Amino acid sequence: MNVLFHATFANKDEFLKSLKKIFIPHKIYTLDQNIPLDKIEVALVWNLPDKILKKLTNLKVIFSLGAGVDHILKSPSYKNTPIIRIQDPNMRSRMLNHVLSQILIYQLKLNEYNKAQQKNIWLNERLTALNMDLTIGILGLGYLGKFIANKLKSLDYNVIGYKNTVSTGKSQIPIHYKKSLKTFLKLSDIVVSVLPATTETSNIINKSFLNQMKKKSLLINVGRGSSLNEIDLLKHIQLNKYFFASLDVFKTEPLPKNSKLWKNQNITITPHVAAITDVDSSTNYIFAKFEQFRTKEKIKSNVKIQKGY
Ligand code: GLV
């Protein structure tokens, strides 16, 4: 079976090495080799150029090398090929750590001590909220969001969720659906967006959304940059000096040097690192799915392609 690997990760070589080891005897090709693209049946990709996807005319399955699949679905040449995205416990642990770190920096006012230290100032202690005094609203309750919500709840935070589709399964936290976004935002001291990039989530965090949030609050975006109207956020912070944001994802990545977000004192910026794909565990995940596909000769997407996540 002919497999193609392409990724734009900093550690792509390490990833490829790990995949090659586990995929023996199957050969994994890369684009720098002279390979007939129309013979490729399996593509393991992160940000595959559309002009390459177009030439993969015999493709049977695409593996996204991350949790998101927007990098595939946005390709004009994508035509309903089954997609397997990574659902990896290590990835969600990483994302939980990132979210928790941003909650704690805000909750414990650690940035104030940090700024004071730069001027050799011993600050008076700041009064901080207990976990049980804070309500954290998780926007998007998929594989990552649900895990974060349940873990934060186990740390005694009040946790509520928001999602679009009503689910019948039992939930450990109260869930607000579509029309009750207003109530969800009104209750939340911290809103964490884990939303995927879809047409429905595009610019969902806009002026009206921000105005419904508490004046003193924190927005954490670890989902996708397309969900946030960055200009509305900058304007909102200008009018609300106790409103903070921690952004890991952006409309344009890398964030352009001249973006006004960089220098804003109320915004923390991290370069899309909240849930880095873990090489070893995701390699095992991919290989297990690949073997399922190879033996059964078919595979079902673990992505709702019409919905986009
Ligand atoms: C990262 O953003 C991912 O989708 O894995």
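The analysis underlying the following values was restricted to heavy atoms, covering all of them including side chains, and did not include hydrogens, waters or symmetry mates. Counting starts at 1 for both ligands and their atoms, following the listed order. Only a predicted model underlies this, so the values are computations on that prediction, with no experimental measurement involved.
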Please list all pairs passing the side-chain hydrogen bond (donor to acceptor under 3.5 Å, both in side chains) test where one or both residues lie in residues 53-62, with sequence neighbours left out.
Asn58-Lys60
Carboxylate-amine/guanidinium contact Glu112 Lys109, below 4.0 Å:
no
Taking atom types as modelled, is there a side-chain donor on His6 or Thr30 under 3.5 Å from an acceptor on the other?
no
Would you call the rings of Phe290 and His26 parallel, tilted or perpendicular, taking 30° and 60° as the class edges?
perpendicular
Is NZ or CZ of Arg92 both nearer than 6.0 Å to the six-membered ring centre of Tyr143 and within 45° of the ring axis?
yes
Check each protein residue for a heavy atom under 4.0 Å from ligand 1 and list those that pass, ordered by chain and number.
Trp46, Gly66, Ala67, Gly68, Met91, Arg224, His272
Aromatic rings Phe287 and Phe23: how do their planes relate, parallel, tilted or perpendicular, breaks at 30° and 60°?
perpendicular
